[in-house]
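Take a look at the structure below.
The basis for the numbers below is simple: all heavy atoms, side chains too, and nothing from hydrogens, waters or symmetry mates. Note that the coordinates shown come from a computational prediction; the quantities given were computed from them, not determined experimentally.
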Amino acid sequence: MKDEYDFSTAARGKFFRKDAHLVPPVHLEPEVLTYLSDLAETQGTSLSHLVNTLLKEDIERLDAEKQHTPRP
């Protein structure tokens, strides 16, 4: 790295996009990745599609449990 950088001609926020949607990376443990990759291949689908399907099913299940859980 340089000791100094010249920002005198820089424009603040030049690449800022208010409605930008950032997709954070998700890191799977090696054994989980291997299992899901093998399952996706067996089902003839992509790993991304399989993981999204499984997560959507879990979200539906969790939401259903919330609705049926009595509140104190």
Side-chain angles (χ1 to χ4, degrees):
M1 284 186 64
K2 297 180 181 179
D3 289 335
E4 293 185 18
Y5 291 87
D6 180 12
F7 292 105
S8 62
T9 60
R12 180 180 292 268
K14 180 177 179 178
F15 298 104
F16 174 77
R17 301 293 179 260
K18 182 178 180 180
D19 297 325
H21 180 74
L22 302 177
V23 179
V26 175
H27 302 282
L28 302 175
E29 296 175 3
E31 62 274 7
V32 173
L33 176 59
T34 300
Y35 179 85
L36 292 176
S37 295
D38 292 345
L39 184 58
E41 186 175 333
T42 300
Q43 293 183 359
T45 189
S46 70
L47 177 62
S48 292
H49 182 265
L50 175 67
V51 170
N52 279 300
T53 300
L54 292 172
L55 289 173
K56 287 176 184 177
E57 290 171 359
D58 280 348
I59 290 169
E60 288 176 6
R61 184 181 48 80
L62 290 169
D63 284 346
E65 288 176 9
K66 277 187 204 175
Q67 293 175 1
H68 293 94
T69 303
R71 295 193 174 174

Atom CD of Gln43: over 12 foreign heavy atoms under 6.0 Å:
yes

Are Tyr5 and Met1 packed together at the side-chain level, in the sense that at least one heavy-atom pair is separated by less than 4.5 angstrom?
yes

Shortest non-hydrogen separation from His68 to Ala64 and the atoms involved
ND1-O, 2.7 Å

Apply salt bridge (charged side-chain N to carboxylate O under 4.0 Å, His left out) to residues Arg61 and Glu57 and explain how you reach the verdict.
CA-CA 6 Å; Arg61 184 181 48 80; Glu57 290 171 359; over 6 Å; no

Residues in salt bridge (Lys or Arg N to Asp or Glu O under 4.0 Å) with Asp6, at least two apart?
none

What distance do Leu50 atom CG and Leu39 atom CG have between them, rounded to the nearest 0.5 Å?
5.0 Å

Residues that, via side-chain heavy atoms closer than 4.5 angstrom, fall in one hydrophobic cluster with Leu62:
none

Any side-chain heavy atom of Thr53 within less than 4.5 Å of one from Thr45?
no

About how many Å separate CG of Asp58 and CD of Glu60, when rounded to the nearest 0.5 Å?
9.5 Å

With clusters defined by side-chain heavy atoms of hydrophobic residues (ILVMFWY) lying less than 4.5 Å apart, directly or transitively, does Val26 cluster with Val32?
yes

